[in-house]
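What follows is a set of notes on a single structure, which appears directly below.
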Amino acid sequence: MNLGFGEIALIVFVALLLFGPKKLPELGKAAGKTLKEFKNATKGIMEDAEKEKAPPK
């Protein structure tokens, strides 16, 4: 899935039309927080899986 400059510009333009310029920073911040929480949760799951795989000492 390769996005070029034209596709990204179109997505940004449509987002501006739908949400308006004042709402976009709030949406971006919320998306960033969601991605950060998801990344932390998956990291925790991976660490737990590694601990279970490791032989007991």
Side-chain angles (χ1 to χ4, degrees):
M1 183 172 167
N2 296 329
L3 291 177
F5 178 75
E7 289 89 0
I8 293 173
L10 181 64
I11 291 169
V12 170
F13 180 72
V14 171
L16 279 171
L17 286 177
L18 290 175
F19 301 111
K22 291 186 179 185
K23 198 71 164 171
L24 280 181
E26 295 172 21
L27 292 173
K29 186 184 291 187
K33 285 182 181 180
T34 302
L35 287 173
K36 184 177 180 182
E37 289 176 18
F38 180 75
K39 183 178 176 183
N40 288 338
T42 55
K43 183 179 177 184
I45 291 170
M46 295 296 288
E47 288 174 355
D48 291 343
E50 289 294 322
K51 286 180 186 177
E52 289 179 8
K53 260 202 289 188
K57 292 183 178 182

**Complete:** By salt bridge (Lys or Arg N to Asp or Glu O under 4.0 Å), Glu26 pairs with (sequence neighbours left out) Lys23
**Asked** Which pairs with one or both residues in residues 34-43 pass salt bridge (charged side-chain N to carboxylate O under 4.0 Å, His left out), sequence neighbours excluded?
**Response** none
**Fill in**
To the nearest 0.5 Å, atom CG of Leu16 lies from atom NZ of Lys22 at 13.5 Å
**Item:** Of all pairs that satisfy salt bridge (charged side-chain N to carboxylate O under 4.0 Å, His left out), the ones with a partner from residues 2-17, not counting sequence neighbours
**Value:** none
**Co-members of the apolar cluster containing Leu17 [side chain, <4.5 Å]** = Phe13
**Message:** Grouping I, L, V, M, F, W and Y whenever their side-chain heavy atoms are under 4.5 Å apart, do Leu3 and Phe5 come out in a common cluster?
**Reply:** no
